[in-house]
A.B. asks: 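Okay, here's the structure, questions in a sec.
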There are 2 protein chains.
Amino acid sequence: MATMTAAQQRAQAKVEYDAFVAACPSRKLLDRISDKWVTLILAALGSDSAHQPGADCAGGPRVMRYSELQRLLAGVSQKMLTQTLRSLERDGLVSRTVVPTVPVTVSYELTDLGLSLYEMMRGIKAWAETHMDDVLANRETYDTRVA
Amino acid sequence: MATMTAAQQRAQAKVEYDAFVAACPSRKLLDRISDKWVTLILAALGSDSAHQPGADCAGGPRVMRYSELQRLLAGVSQKMLTQTLRSLERDGLVSRTVVPTVPVTVSYELTDLGLSLYEMMRGIKAWAETHMDDVLANRETYDTRVA
DNA sequence: CAGGATCCCGCTAGATACTG
DNA sequence: CAGTATCTAGCGGGATCCTG
């Protein structure tokens, strides 16, 4: 039984390729920043608070408390907020500070690494603002052509 | 019944914020490139074929056929490959060419817009290769600190 | 105040089978 | 060769309730 069927060989190739892709640094980065709340938290802590519909918190503090973030990011569940903050802390992108008052006070801010990531996201933002209109236009053209 | 409960107001805020986020160009871009197969197809068509474990197709053609892509991207299902290619075509990022031979021959290649996106992804790749090691190191430190 | 624990549901990727 | 159609299971994420 040393031989494999074609299907088995394909399955094997898939496993290897998946492992290869999973190990790719770019893939890891994308997995991280593609998370909806990651980007929004980064934007919030990076003081790019234009991500709030009406109000503006321009020049707002780069250090925010849990409840502040929850208020700013309307619609985030506690679960996702906590989960996301934890993973960002784990990756050394944000720092978490607990002040043992009563009740307890917890604040978050970007680390240097997190700030660096935030800066790179501005590059993405720049591309998006430059080219997304074209993409959207192409999309509409395509849809009307089909219909 | 003109008044709303606190819960209703929160739900309303969430809807508005979600709509706001959905309209954000950066968000749209991230939704697009965070797709596993999108990035891999772009890499394949951008001739960055280092995404194959063993073999190398350096300097490979920027125009590839459906079956070539399927072979290169080991483990992709027909469904996802077709679906992804369609959406990329819809957005004007890749062009699809049908040659009516028997059986039919279909080839894909990047458009200028798609190439531009590919170039921007190299920026992401650069950041990843520069900083992901730090992230991973932080992650391990965090895990051992907890355990 | 900041978060842990639990239940539950929608969505989507994937497998399978069929076709022009 | 290059798809289309259908069905299903797994899982991420939200809602809800509880606590140091």
Side-chain angles (χ1 to χ4, degrees), chain A residues 5-8 10-15 17-18 21-22 31-32 34-41 44 63-90 94-109 146, chain B residues 5-15 17-18 21-22 31-32 34-41 63-90 94-109 146:
Chain A
T5 67
Q8 281 175 327
R10 259 182 281 112
Q12 178 67 12
K14 170 175 153 45
V15 169
Y17 188 75
D18 281 354
V21 169
D31 283 345
R32 181 128 284 293
S34 65
D35 187 286
K36 179 179 177 181
W37 300 117
V38 166
T39 56
L40 292 172
I41 288 175
V63 46
M64 298 184 72
R65 297 180 50 185
Y66 184 89
S67 49
E68 285 184 289
L69 284 169
Q70 190 167 27
R71 212 173 314 118
L72 186 60
L73 309 182
V76 65
S77 60
Q78 306 100 311
K79 179 184 176 182
M80 290 316 295
L81 183 54
T82 302
Q83 196 174 98
T84 307
L85 286 170
R86 281 283 184 280
S87 70
L88 288 175
E89 183 198 2
R90 185 167 105 108
V94 307
S95 65
R96 178 172 179 271
T97 312
V98 180
V99 183
T101 52
V102 182
V104 70
T105 302
V106 183
S107 56
Y108 295 88
E109 65 180 317
V146 173
Chain B
T5 67
Q8 282 174 326
Q9 285 184 16
R10 259 183 281 114
Q12 176 68 12
K14 169 175 153 48
V15 169
Y17 189 75
D18 280 353
V21 169
D31 284 345
R32 180 129 286 291
S34 66
D35 186 286
K36 178 181 179 179
W37 301 117
V38 166
T39 56
L40 293 172
I41 288 176
V63 46
M64 298 185 72
R65 296 179 50 185
Y66 185 89
S67 48
E68 285 184 289
L69 284 168
Q70 191 168 26
R71 212 173 312 119
L72 186 61
L73 309 182
V76 66
S77 61
Q78 304 101 311
K79 179 186 174 180
M80 289 317 293
L81 182 54
T82 301
Q83 196 175 100
T84 308
L85 285 170
R86 282 281 185 282
S87 71
L88 288 175
E89 184 198 2
R90 186 167 103 107
V94 307
S95 66
R96 177 171 179 271
T97 312
V98 180
V99 182
T101 52
V102 181
V104 69
T105 303
V106 183
S107 56
Y108 296 88
E109 65 181 316
V146 173

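Residue numbers start from 1 in every chain, and the chains themselves are labelled A, B, ... in the order their sequence lines are given, proteins ahead of strands.
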A.B. asks: Nearest heavy-atom pair of B:V94 and B:L85: which atoms, and what distance?
C.D. replies: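 It is CG2-O, 4.0 Å.
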
A.B. asks: Identify the two heavy atoms, one from A:L88 and one from A:R32, that lie closest to each other, and give their separation to 0.1 Å.
C.D. replies: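 Between these two residues, the closest heavy atoms are CD2-NH1, 3.5 Å.
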
A.B. asks: Which heavy-atom pair separates B:T84 from B:V38 by the least distance, and what is that distance?
C.D. replies: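 Scanning both residues completely, I find the closest heavy atoms to be CG2-CG2, 3.6 Å.
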
A.B. asks: Note the angle between the end axes of the helix from C:dC1-D:dG20 to C:dG20-D:dC1, five pairs defining each, rounded to 10 degrees.
C.D. replies: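 About 50°, once rounded to a multiple of 10°.
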
A.B. asks: For a quick test of reading the model, state the closest non-hydrogen atom pair linking A:K36 to A:T39 and the distance between them.
C.D. replies: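 Nearest heavy atoms, A:K36 then A:T39: O-OG1, 2.7 Å.
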
A.B. asks: Work out which heavy atom in B:Y17 is nearest to a heavy atom in A:L72; give both atom names and the distance.
C.D. replies: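 Between these two residues, the closest heavy atoms are CE1-O, 3.7 Å.
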
A.B. asks: Please give me the minimum heavy-atom distance between B:V104 and B:V99, naming the atom from each residue.
C.D. replies: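 Nearest pair, atom of B:V104 first, then B:V99: CG2-O, 3.6 Å.
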
A.B. asks: Taking protein heavy atoms under 4.0 Å as touching, what does nucleotides 1-16 of chain D look like 5' to 3' if B marks base contact, S marks sugar-phosphate-only contact and - marks none?
C.D. replies: SSSS--------BBBB

A.B. asks: If I take atom CG from residue B:L69 and atom OH from residue B:Y108, how far apart are they, to the nearest 0.5 angstrom?
C.D. replies: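 One finds 8.0 Å between CG of B:L69 and OH of B:Y108.
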
